[in-house]
Amino acid sequence: MGNAMKVVIVGGVAGGATAAARLRRLNEDAEITVFEKSGFVSYANCGLPYYIGDVITDEKALTVQTPESLFARFKINVKVKHEVTDIDPLKKTVTVRNLSTKEEWEEPYDKLILSPGAKPVKLDFDGIESKKIFTLRTVEDTIRIHDNVAQNYIKSAVIVGGGYIGIEVAENLKERGLDVTVVQKPEQLMNTIDYDMACFVHSKLRAEGIKIRLNSNVTGFREEKDKIVTLLEGGLELTSDMVLLAIGVAPENALAKKAGLELGVKGCIVVNDKMETSVADIYAVGDAVEVKHFVTGEKASIALAGPANKQGRIAADNICGLDSHYQGSLGTSVIKIFDMTVAGTGLTQKAAIALNIDCESIILFPSSHADYYPGAKTMIMKVTFEKKTLKLLGAQIIGSEGADKRLDVLSAAINSGMRADKLKDLDLAYAPPFSSAKDPVNMAGFIIENIDAGLLKQYQWYDDEKLKRDGSVTLLDIRTEEEYRRGSIEGYKNIPLDELRDRLNEIEKGKPVYVLCQSGLRGYVACRILEQNGYDCHNLSGGYMFYSGVKRERRLCESTHPCGMEKR
């Protein structure tokens, strides 16, 4: 490695800007140049929806670093509004176009890092070129949407796509007083969580006044006077002042493809664990690269800022002679939905089943901190593990305060290869304002240990539909009479837990017993009593609270077509 090594970086933001700063910290003499197509080299792209909603009001706050600040501190040459249009791997040059002056030239490199990111998917719909249709990727996009809402008296919006960007923009536009409808082709929002958990997200959005249309396929758009009409399969039409397309992202791979770099899953750039591409001296990082899923080892496309930052650092390390390796992605993520936190890591139960993994999930409703300390909030936790090995596969949490903390602990546990039952052994911080002596993560470990030891057999909300109401099994609701009166599942007999020992003669021996309580905790106690009295007992995971939440959402979907809207 010579002192005059020249490194060219294509694209800034998370991966490229991180790589540039790390390169300088490791090599004071390298010549580092960053070419960025947009007008901003290093910006908080995860904060963009919050500028639209006026939560972040200072446009400058979105900019993490400027070309001037990067040069002043790191002596990095940053050229914004410069597009790299071609790579010649043999000559080791890139072709650069100044988007302001249209001037073009060839720039030599010793090492090249590609950080082109991902672009919003924009399908070839009729009417897609309307100026009332927006996508969100860059600061410029954000300013355009923000100014459109402010200056054109926008009162309504249709969001096409129910992933992170779609939901965050929906929330921010709703907070600004707009009438918002989210349209989603699949049966649920957020594919990073399971359908049953997503039901609680649907319920929250609807409670906040956002309309949801699931199982709805967009077929095109049409401008009508000063409005935009979103056309749906089946002839339905939604009229609004603007549309945001947020139907996913695709790797920005045109440059890599043209240069002959190997492409993989979804057209992502193939890299090894040192972030090297298939062509010598060319590295790639960020949303455009193919990664290894940490749990399965399968190749995947995971577009998140955390992995991009780590990959930028690893590429810089290896260019400077260190030996750094990317271990893979878990897809750990979190989103704020009004006052709700939704977080996930690793595999969903649905994804694990699709991979033919023999898995089980537990549902629990722990409190964010000690119940006796004011302000405790309930969260919903779902932890999925492989039955035979107890390998932790993934976790999902919906709650408020403390939800992200528990999810991060579970992510770290998966990352370290911890067995699911060993969550009980983690020594986690406790004081009444912050947790309980048995932290929610510990509680998950206790439940999984009980399942593995044969002390707990459980069934899920969807298993209840298969239970016969012909007397061949006993269905038992052990909640209080008052709880039972407020709502129960058809066919379940009520014997409150505190009366159970004295009323065992009412429960026929020789039949499987299926028990439910409000959240699953009392049901476990009831099952322990019944098991030790000779009964074969199964406890409803998540209890009536989880069951009723999911079923309420399903009923709503069945009575309206699609969810959240009246039948036409």
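When reading the values below, keep in mind they use all heavy atoms of this one structure, side chains included, and skip hydrogens, waters and symmetry mates.
Distance CZ/F385 to CG/D358: 10.0 Å, rounded to 0.5 Å. Remark: I478 CD1 to E499 CD distance equals 11.0 Å, nearest 0.5 Å. Rounded to the nearest 0.5 angstrom, K438 NZ and Y430 OH are separated by 12.0 Å. Atom-to-atom distance recorded for I529:CD1 and C537:SG is 9.5 Å, nearest 0.5 angstrom. Here CG of L330 is found 4.0 Å from OG1 of T345. Values are rounded to the nearest 0.5 Å. Atoms OG1 and CD1, from T378 and I398 in turn, are 13.0 Å apart once rounded to the nearest 0.5 Å.
Shortest non-hydrogen contact noted between S361 and T384 is OG-OG1, 2.8 Å. Residues G312 and T18 approach most closely at C-CG2, 4.4 Å, considering heavy atoms. Between V291 and S329, the shortest heavy-atom contact is CG2-OG, 3.8 Å. For the pair A14 and A305, the tightest heavy-atom approach, listed with the atom from each and the gap, is CB-O, 4.2 Å. Considering every non-hydrogen atom in both I507 and Y535, the closest pair reads O-OH, 2.8 Å. Contact detail for A303 and V249: the closest heavy-atom pair is CB-CG2, 4.1 Å.
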Exercise for the section: Please assess T480 against R522 for the test side chain to side chain donor-acceptor pair (under 3.5 Å), listing each intermediate value before the final yes or no. Expected result: CA-CA 11 Å; T480 65; R522 282 174 288 168; 5.3 Å; no
Practice task
For T192 and T348, run side-chain contact (heavy atoms from CB on, under 4.5 Å): C-alpha distance rounded to whole Å, both residues' side-chain angles, the deciding distance at 0.1 Å, then the answer.
Solution key: CA-CA 7 Å; T192 54; T348 60; 5.8 Å; no
Exercise for the section: Output, in order, the C-alpha distance, side-chain angles, deciding distance and verdict of ring pair (Phe, Tyr, Trp, His ring centres under 6.0 Å) for H538 and Y514. Expected result: CA-CA 5 Å; H538 304 257; Y514 290 85; 4.7 Å; yes
Exercise for the section: Take F338 and E175 through the side-chain contact (heavy atoms from CB on, under 4.5 Å) test and state the conclusion after the steps. Expected result: CA-CA 9 Å; F338 296 94; E175 293 280 39; 3.8 Å; yes
Exercise for the section: Dump the intermediate steps for side-chain contact (heavy atoms from CB on, under 4.5 Å) on L173 and I159, then the final yes or no. Expected result: CA-CA 10 Å; L173 291 177; I159 313 290; 4.0 Å; yes
Exercise for the section: Give the C-alpha distance, both sets of side-chain angles, the deciding distance and a yes or no for salt bridge (Lys or Arg N to Asp or Glu O under 4.0 Å) between D464 and R469. Expected result: CA-CA 10 Å; D464 173 75; R469 266 65 173 175; 3.2 Å; yes
Handout entry: Working for side-chain contact (heavy atoms from CB on, under 4.5 Å), residues E483 and N494
Key = CA-CA 10 Å; E483 287 173 312; N494 182 220; over 6 Å; no
Handout entry: Full working for salt bridge (Lys or Arg N to Asp or Glu O under 4.0 Å) between E465 and R554
Key = CA-CA 13 Å; E465 297 170 358; R554 281 169 68 96; 3.7 Å; yes
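Considering only heavy atoms from C-beta on, K155 stays 4.5 Å or farther from D179 through its side chain. Contact of the H369 side chain with the P433 side chain is not registered, since no non-hydrogen atoms from C-beta on lie closer than 4.5 Å. The shortest side-chain heavy-atom distance between L205 and V182 does not fall under the 4.5 Å cut-off. Between M242 and I145 the shortest side-chain heavy-atom distance falls below 4.5 Å. Using a 4.5 Å heavy-atom cutoff, the side chains of K551 and I489 are not in contact. Side-chain contact between L500 and L476 is present, with heavy atoms from C-beta onward closer than 4.5 Å. In this structure, the side chains of D54 and R176 come closer than 4.5 Å at one or more pairs of heavy atoms. Residues I247 and V218 form no side-chain contact, since every pair of their non-hydrogen atoms from C-beta on lies 4.5 Å or further apart.
Using a cut-off of 4.0 Å between Lys/Arg side-chain N and Asp/Glu carboxylate O, E482 and R485 are scored as salt-bridged. Between K466 and D463 there is a salt bridge, since a side-chain N of the basic residue sits under 4.0 Å from a carboxylate O of the acidic one. Between E553 and R206, at least one side-chain N (NZ, or NE/NH1/NH2) sits under 4.0 Å from a carboxylate O, which counts as a salt bridge.
In this view, D536 and K457 satisfy the salt bridge (Lys or Arg N to Asp or Glu O under 4.0 Å) rule, not counting sequence neighbours. Every residue meeting the side chain to side chain contact (heavy atoms under 4.5 Å, CB included) condition with D196, not counting sequence neighbours, appears here in chain and number order: D194, K382, W461, F546, V550.
By the 6.0 Å contact criterion, CZ on F434 is open, its count of non-hydrogen atoms from other residues, nucleotides or ligands being 12 or less. The number of heavy-atom neighbours closer than 6.0 Å to NZ of K185, taken from other residues, nucleotides and ligands shown, is 12 or below. The environment of CD in E481 is sparse: at most 12 heavy-atom neighbours from other residues, nucleotides or ligands sit within 6.0 Å. Atom OH of Y484 sits in a crowded spot, with more than 12 heavy atoms from other residues, nucleotides or ligands closer than 6.0 Å. The environment of NZ in K350 is sparse: at most 12 heavy-atom neighbours from other residues, nucleotides or ligands sit within 6.0 Å.
When atom types are taken as modelled, the side chain of R137 and the backbone of A118 share a donor-acceptor pair closer than 3.5 angstrom. Using a distance-only test at 3.5 Å, with no hydrogens or angles considered, a donor-acceptor pair links the side chain of T142 to the main chain of T138. Side-chain atoms of E171 do not come within 3.5 Å of backbone N or O of I167 as any donor-acceptor pair. Of the possible polar contacts, none joining the D439 side chain to the A429 backbone as a donor-acceptor pair under 3.5 Å is found. The backbone N or O of K387 sits nowhere less than 3.5 Å from a side-chain atom of E360 that would complete a donor-acceptor pair. Looking at D452, its side chain never comes within 3.5 Å of a backbone N or O of E449 through a donor-acceptor pair. Checking side-chain atoms of N442 against main-chain N and O of L423 turns up a donor-acceptor pair under 3.5 Å. Here the side chain of D287 pairs no donor or acceptor atom with the backbone of P251 at under 3.5 angstrom. Without hydrogens or angle criteria, E386 side chain to K391 main chain gives no donor-acceptor distance under 3.5 Å. Side chain of E298 to main chain of H293: no donor-acceptor pair is present (N/O by atom type, distance under 3.5 Å, no hydrogens or angles).
Taking the six-membered ring for Trp and thresholds of 30 and 60 degrees, Y547 and Y544 have nearly parallel ring planes, at less than 30 degrees apart.
Because its NZ or CZ atom is not both nearer than 6.0 Å to the ring centre of F134 and within 45° of the ring axis, R144 does not count as a cation-pi partner of that residue.
Screening L189, I380, I337, V334 against V342 for a side-chain contact (heavy atoms from CB on, under 4.5 Å) leaves a single residue, I337.
A donor atom on one side chain and an acceptor atom on the other are not found under 3.5 Å apart for S156 and S240.
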